[in-house]
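Worksheet: the structure to be examined is printed underneath.
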Amino acid sequence: MWDFDEIVQRDKTDSVKYDLRTKLYGSKNIIPMWVADMDFKTPKFIVDDIKKRAEHEIYGYTIRNDSFFKSVIHWMNYKHNWQIKKSWISFSPGVVPAIALSILAYTKPGDKIIAQPPVYFPFFSSIKNNGRQLIYNQLKYDNGNYHFDFEDLKKKIDSRTKMILICNPHNPVGRVWLEEELTKLAEICLKNDILMISDEIHSDLIFEPNKHIPLASLSKEIADNTISTFAPSKTFNVAGLSSSVIIISNPKLKVAFDNYVNDLHIGFGNIFGNVALESAYFKGAEWLNALMDYLEGNIALVKKFIDKPGIKIKMHVPQSTYLLWLDFREYGLKDKELKKMLVQDAKIGLSPGELFGPGGEGFQRMNIACPREVLIKALNNLEKVFGS
Ligand SMILES: Cc1ncc(COP(=O)(O)O)c(C=O)c1O
């Protein structure tokens, strides 16, 4: 019904992933497996709804109508068993902009903001470029898996610590945080009056039997101390349409956020982004199930490759996301040397682990949201270079 095997030319479409290859990797002749969008077509029901809107041929300022809000309420209930109210929903042109807006709205220059590396690196620039202090609370890596380091977190908190950026589920390590982990984290934050920004952009991409828990769904007290960010962009491959939803149940915090959005005059959003979001959240369930099956197949293929004798790359099968966190440390290479071998010899473009902050050294992030034929080619290339 949906053809995830179809290879779609993305070259010369102004695609970040394809058309920046020469700039970033020095050559166009690499398989791009870096930035987090997918090489699959956006589902047809979204494309059809966008075309229908486009045919009207007037693209003036628009509002988000009742049906937009209903789609968000429906999706949160259907997908995450979270009952939200229309009055909690705000808009942002993206999740990263929402993080930056939250930093501006709720903290002052010089305040300390915690991030938990290795983590999605725009968190760092959002904090530093807005004149706040970036404090690392590095994840613990034991038994081949990642955990919050609560003891380190408690030590890092002082009177200037005002905010924490939480990645739930976590990019790049693929963890889906458990209820007890999130509750413990939230308790520490509540006790110390630290506002929690929960980036839940990957929350629809969860592999069975894991279950995503929206941080703010844990209790009213936690909800009232949380800004939650969601978007259809990763799930339905519509990142270029710049539409995300921010869920804030605390009215005071919501007003402060909305004021920033309105002052910057970015609240209208994008007509086609609004259409795509509504279409995805009302019609996307079946397509998403098929996507998850395909992604699981791709991950199983990588696992089979990793398990081959002679391959020293390690991987913990992700609980979420199409981003694999590959551990190359057994090869004993410097990051620069590793990148050179990946680009020049294996001819694949991954995201270097050190970008994701402390704990990322020796790792590479691989985006496997591509047709299987492309993935097989990439794995064959890897084997030639990193096999025994
Ligand atoms: C954890 C995380 N947050 C945010 C984003 C980007 O969000 P946006 O494009 O809506 O700013 C990404 C994209 O890779 C991501 O992985």
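Indexing begins at 1, ligand by ligand and atom by atom, following the structure's order. Worth saying up front: this structure is predicted, and the values here are computed from it rather than measured. The analysis underlying the following values was restricted to heavy atoms, covering all of them including side chains, and did not include hydrogens, waters or symmetry mates.
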[atom]: which protein heavy atom is closest, and how many Å away?
{"atom": "atom 6 (C) of ligand 1", "value": "Y120 OH, 3.2 Å"}
{"atom": "atom 10 (O) of ligand 1", "value": "V95 N, 2.7 Å"}
{"atom": "atom 7 (O) of ligand 1", "value": "I201 CD1, 3.3 Å"}
{"atom": "atom 13 (C) of ligand 1", "value": "K234 NZ, 2.6 Å"}
{"atom": "atom 1 (C) of ligand 1", "value": "D199 OD2, 3.2 Å"}

Could you label the plane-to-plane angle of the F123 and Y120 rings as parallel, tilted or perpendicular, counting under 30° as parallel and over 60° as perpendicular? perpendicular
Is the F230 ring parallel, tilted or perpendicular to the W82 ring (thresholds 30°, 60°)? tilted
Is there a heavy atom of S244 sitting under 4.0 angstrom from any atom of ligand 1?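 No.
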Test item, P97 contacting ligand 1 (heavy atom, 4.0 angstrom):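 Yes; P97 lies near enough to ligand 1 that a heavy-atom distance drops under 4.0 Å.
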Only counting residues at least two apart or in another chain, list the ones meeting side-chain hydrogen bond (donor to acceptor under 3.5 Å, both in side chains) with E181. R175
Does an N or O anywhere in V96 fall below 3.5 Å from an N or O of ligand 1?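 Yes, at least one N or O pair falls under 3.5 Å.
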Quick check, are the ring centers of F386 and F328 under 6.0 angstrom apart? yes
Keeping the roles fixed (side chain from K162, backbone from S159), state whether a donor-acceptor pair exists under 3.5 Å.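 Present.
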